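Proteins get letters first, then strands, A, B, ... in listed order; numbering begins at 1 in each. Since the model is a prediction, treat every value here as computed from it, not as a measurement.
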Number of protein chains: 2
Amino acid sequence: MSANSRLTIAAHALAWIGLYQRQGHEVATSEQIATSANTNPVVIRRLLGELRRAGLVESRRGVGAGWSLARDLESMTLLDVYEAVEPGPLFAMHRTTPDQACVVGRGIQPAMQGVYDGIEQTLRQELARVTLADVLRDVLAVPR
Amino acid sequence: MSANSRLTIAAHALAWIGLYQRQGHEVATSEQIATSANTNPVVIRRLLGELRRAGLVESRRGVGAGWSLARDLESMTLLDVYEAVEPGPLFAMHRTTPDQACVVGRGIQPAMQGVYDGIEQTLRQELARVTLADVLRDVLAVPR
DNA sequence: TCTGTCGTAACAATTAATGTTGCGACTGCG
DNA sequence: CGCAGTCGCAACATTAATTGTTACGACAGA
């Protein structure tokens with residue numbers, strides 16, 4: 001379905017900053033995170049910018065600039081991240097309006113919307129159940 | 001997230017065929033369905049082709065050709081349709097391998113995969129709960 | 001003033017879905 | 001037998017979203 005790794009990369013960045021701060025550092029740079037995620041620093045800055053708008057991270061400019069967590073990893077859930085970085089709904093409707101002269105064309109969108117709303121609701125509950133601290137714990141639990 | 005309406009269009013097509021057959025017709029043509037969904041017949045044929053591979057519909061060729069249901073709408077769930085028409089997973093990993101020399105780079109994919117697997121599981125349960133007969137009922141329940 | 005990093009715009013590259021055209025294959029009918 | 005209507009499928013165009021890249025000004029501390 002989606003060639004969309006935004007949630008994955010955002011979680012990666014947050015886990016990285018969290019671990020780095022646990023090791024006693026003040027801020028992490030987009031360059032460092034980009035190296036770990038094997039991508040471009042601008043991509044990281046863009047994503048972190050969205051997380052900052054959601055109040056999850058803060059950035060500092062000037063010399064010794066970089067990114068830090070605005071809250072504990074324990075208090076951040078994947079739902080917070082999801083809402084910050086994912087724009088649209090999971091499933092889309094027709095890209096052009098179906099034939100309103102047809103019974104099915106008229107009724108299909110409300111019918112499917114009901115289903116999709118329920119699913120989106122469940123998805124949110126699942127994401128809200130996992131904190132970024134959980135993610136970092138699982139990351140560190142992987143044997144090297 | 002996804003600009004992907006495959007599930008919606010597939011459900012539309014199945015509901016349309018189901019209703020048309022209830023009205024006493026043998027088969028529906030991709031042209032008719034495309035008109036209702038306001039898209040191109042080839043798009044419908046492609047989708048229905050995937051549904052046929054999954055055993056949900058059958059097609060007839062020659063004169064009086066067209067599509068018919070291979071099973072009752074009651075016995076078809078949105079999960080059947082989803083599995084037939086959605087290729088990939090909901091959330092993607094990094095498009096390039098993260099830095100394996102970094103703890104986070106090494107552990108993030110297994111960690112996120114665990115979460116994503118659970119979500120995919122829940123999504124399937126939700127989809128399996130809705131039959132295409134439910135969808136058609138809801139379609140017809142929409143006031144005109 | 002110099003240095004390192006963010007902030008952001010602009011644009012290219014990539015990928016997936018969707019739309020379109022064309023044509024051969026099939027099959028019932030006259 | 002030939003015709004008509006529709007599927008099957010390949011090839012290509014279009015659209016849209018994400019991701020990657022380059023460039024450069026803004027900022028703040030040394």
Item checked: Nearest-nucleotide comparison on DNA chain D, the residue closer to the 5′ end among I9(A) and A28(B) -> A28(B)
Notebook entry, point to check: Any side-chain heavy-atom pair from W67(B) and V27(B) closer than 4.5 angstrom?
Noted result: no
Check: Whole Å only: how far is the CD1 atom of I17(B) from the P atom of dC7(D)?
Finding: 10 Å
Check: Is any side-chain nitrogen or oxygen of T29(B) closer than 4.0 Å to OP1 or OP2 of dT6(D)?
Finding: no
Note to self: What is the separation between atom CD1 on I44(A) and atom P on dC6(C), rounded to the nearest whole Å?
What the structure shows: 11 Å
Checklist line | Nucleic acid footprint by protein, nucleotides 7-14 of chain C - heavy-atom cut-off 4.0 Å, B for base, S for sugar-phosphate alone | finding: BBBB----
Next item on the list: Report yes if at least one side-chain N or O of S30(B) is closer than 4.0 Å to OP1 or OP2 of dT6(D); otherwise report no.
Entry: no
Notebook entry, point to check: Roughly, in whole Å, what's the span from CD1 in I33(B) to C1' in dG19(C)?
Noted result: 17 Å
Item checked: Presence of salt bridge, R129(A) and D134(A), under 4.0 angstrom -> no
Next item on the list: For the residue pair I33(B) and L48(B), establish whether any side-chain heavy-atom pair is separated by less than 4.5 Å.
Entry: yes
Check: Nearest-Å distance, CD (E50(A)) to P (dC6(C))?
Finding: 16 Å
Next item on the list: Examine dA16(C): is either OP1 or OP2 under 4.0 Å from a nitrogen or oxygen in the side chain of R6(B)? Give yes or no.
Entry: no
Checklist line | V43(B) side-chain proximity, nearest of dT18(C), dG28(C), dG29(D) | finding: dT18(C)
Margin query: Any non-hydrogen side-chain atom of Y116(B) less than 4.5 Å from a side-chain atom of L7(A)?
Written below: yes
Notebook entry, point to check: For E31(B) and dT20(C), what is the distance between atoms CD and P respectively, to the nearest whole Å?
Noted result: 12 Å
Notebook entry, point to check: Which residue, V130(A), V139(A), I9(A), L78(A), forms the side-chain contact (heavy atoms from CB on, under 4.5 Å) with M112(B)?
Noted result: L78(A)
Note to self: Is the phosphate of dA17(C) approached by S5(B) (side-chain N or O, under 4.0 Å from OP1 or OP2)?
What the structure shows: no
Margin query: Under 3.5 Å, is there a donor on one side chain and an acceptor on the other for H94(B) and T8(A)?
Written below: no
Note to self: In this structure, how many angstroms lie between the P atom of dC9(D) and the CG atom of N40(B), rounded?
What the structure shows: 17 Å
Next item on the list: For S68(A) and R60(A), test the side chains for any donor-to-acceptor distance below 3.5 angstrom and give the result as yes or no.
Entry: no
Check: Taking CD from E58(A) and C1' from dC6(C), how many angstroms apart are they, rounded to a whole number?
Finding: 15 Å
Notebook entry, point to check: Rounded to whole angstrom units, what separation is found between the NE2 atom of H25(A) and the P atom of dT5(C)?
Noted result: 13 Å
